[in-house]
Amino acid sequence: MIRTSLTLAAGLLAATAADAHETAGRHGGRVADAGDFHVELVTRGETVDVYVSDGTQAPVPVAGFRGTAILVAGGKAARVPLEPADGNRLTGKAPAALGDRPKGAVQLAAPDGATVSGKFN
Amino acid sequence: MSTRLAAALGAMAPLAAVLAGSALAHEGHDHGAAPPPVSKTIAPRGEALSETFELVAVPRDGTLTLFLDRFRTNEPVTGATIDVETPDGPKTATATPEGGYALTAPWMSAPGRHEFVATVTAGGDVDVLTVAVAVPDPSGRAAAAPAEPSPGRAALSRVSEVAQGVRARLGQKDPTLVGAVVVAFLLGMLVTGLARGRRSVPAVALLAIGITLVFGTAAFAHGDEDHGPAVQGAALTEPRPSGSSDLAQRLPDGSVFVPKPTQRLLVLRTTMTEQGRFHRAVELPGRIIPDPNASGVVQSSVGGRLSPPASGLFPRLGTRVRRGEVLATVTPPIQAVDLSDMRQTQGDLDQQISIVERRVDRYRRLALTGAVAQTQLDDALAEFKGLQDRRAALDRIRREPEPLVSPVDGVVAQAAAVAGQMASPGQMVFQIVDPNRLWVEALSFDALTAAQDATARLADGRLLTLAYQGSGLADRNQAIPVQFAVQGDASGLRVGQFVTVLAATDREQAGLALPRAAVVRTGNGQDVVYEHTSAERFEARPVRVEPLDGGRVLVAEGMGPGRRVVTQGAELLDQVR
């Protein structure tokens, strides 16, 4: 009994220290807040992938979403239109390779017309 | 014994649950957070910050006006290109004569939350900024919160509120909290007792949490806490008549709201505070003195009557004179007794000259025949010449005045010459000062050990850079005179002018250096600086300042590094009501 209570109390106390949010995403990209969503930006060469999840990191199906990524690479801003691919992934192609960790922003338009945006530094 | 321990643990669990709530709703991760509340009379607006830029977006009457400024200095950025990602595709904002950028954006008129991405290109700087604007519902309904929180999140936020209350009360040793803890303990004891009977531990633990939450909520819901911040938000921005502009105003929380167009009118500029180590400065009263090596006085060595030089005019004040230039002449007066003496000598000399002249004539004739020796003729000639010289000198002394010449190049700083005036020996007739070479003499009560940096502040706020020259050892008015040379442009200074000298001492002090104009003395005598907290908000921060140099003060306390502080226009900001 005491041990159970102790475990419960310890677990709850440990929860106070836990962080609900980390900046590294599960697809190896960077995560930013965009409205109610979390967006994870993954850039490989010219390909831009954006994974959408909700506040609890659960994937959000992106059918009907539209998106735009504006990323700064080499002192120039590249506008990348994003199309829904599969599951919670939107994808697009940049005109040139984007390099490592380009800064910029991702704007998403949900099917209901609401727009949200997330910023990556 | 074990019952009591278990009860303690049981009581701990609910408390831990309460504390856990606040950790989950951690800061900086507030999904769909409303922009900071402004006032009902201010149009809805959004802002975005980056390391380089600060962007403010104001939708009004179907037009989106963007104001772009430098983040650190608050300087308006002109000539930039702003591409806005709209629902109809990318559009470029056009520059307006007011220094902003405008874009027709009918989509921004719809009530609700609008987010857009703006790509800013200014010179070599490219930045992507995300801006969110919450447009209230014009029908008068309070604009709904941008995102309806899920029940789970609502519960968590409730718990977090309670936890914050607990923390506040812990700080105050609130009796209500103490009571709550005691009751929680008793409840824990009770449920532990029950659990012993039934052996259903998880259910009991949940019960404990539930009871404590309900109890805690009931206990903390009343009272006089200020729940204001929780209900502030986008709801406070109400629709306002179209076409009217926003006014700078002091908000209820004491901060000052200044819309961007007004900021530009007031020329508000900021700087980023940086921690540094500075030599402490002491303020000394000082006076401008002429450089002793580049100034001089013109004095008469004899008493006499002043008369103008050959040009016929005495040099007036401000006249530029060169070294060796004759500024005036002094004709010594001849006393009556001297005059009779001179006349007597003159008569004597004239008599002797005529005698010797005749003797020389006679000797010259006789020397040819050899009756007089050549040596006698030579002696007579020498005597004749000597007498003539003495006579000439007598004439010259009566006629020739003493010229007064300028000892240095410079400007006449003081002139006391009037034609016909009698000058006494040693009297200063002119003072010549080189206006580009001035010194400052300050009185210091501490011995300044090789004061490295010093500046002087004039009454009109002008600053002079000073170079330490030396300090005396002899007390003057119980202080030591310290001399500095004025470096650089010294025009407009006058000798004798009072200045405040700020001399650095060896003692070092850490703090933030801010321009003197950044610190404002408020009505209650407190020194404040205005921090630029968000794009259009300024908050007064009371600070303790200490003298640093003529142009800057040291903020010793009240402000941290890495903040934006208004350095220009702070006085105007302080007048906003």
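Every chain is numbered from 1 and lettered A, B, ... according to where its sequence line falls, protein lines coming before strand lines.
- Chain A is approached within less than 4.5 Å, heavy atom to heavy atom, by no residue from residues 62-69 of chain B.
- Contact annotation for A:Thr68: only side-chain heavy atoms (C-beta onward) come within less than 4.5 Å of a heavy atom of chain B.
- With salt bridges taken as basic N to acidic carboxylate O contacts below 4.0 Å, one links A:Lys103 and B:Asp127.
- In terms of heavy-atom pairs under 4.5 Å with chain A, the best-connected choice from B:Thr119, B:Val120, B:Asp125 is B:Thr119.
- Residues B:Glu85 and A:Gln107 share a closest heavy-atom pair of O-NE2, 3.5 Å.
- The minimum heavy-atom distance between B:Thr130 and A:Gly118, with the atom names listed, is CG2-O, 3.9 Å.
- Between the side chain of A:Ser117 and the backbone N or O of B:Val117 there is no donor-acceptor pair closer than 3.5 Å.
- When heavy atoms are compared at a cutoff of 4.5 Å, A:Ala77 approaches chain B by way of both its backbone and its side chain.
- A 4.5 Å side-chain heavy-atom check between A:Val72 and B:Val128 finds at least one atom pair inside the cut-off.
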Exercise for the section: Report the C-alpha distance between B:Leu129 and A:Lys119 in whole Å, list the side-chain angles of each, state the deciding distance to 0.1 Å, and finish with yes or no for side chain to side chain contact (heavy atoms under 4.5 Å, CB included). Expected result: CA-CA 7 Å; B:Leu129 298 159; A:Lys119 195 168 186 306; 4.1 Å; yes

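- Comparing B:Gly112, B:Gly124, B:Pro90 by heavy-atom pairs within less than 4.5 Å of chain A, the highest count is held by B:Pro90.
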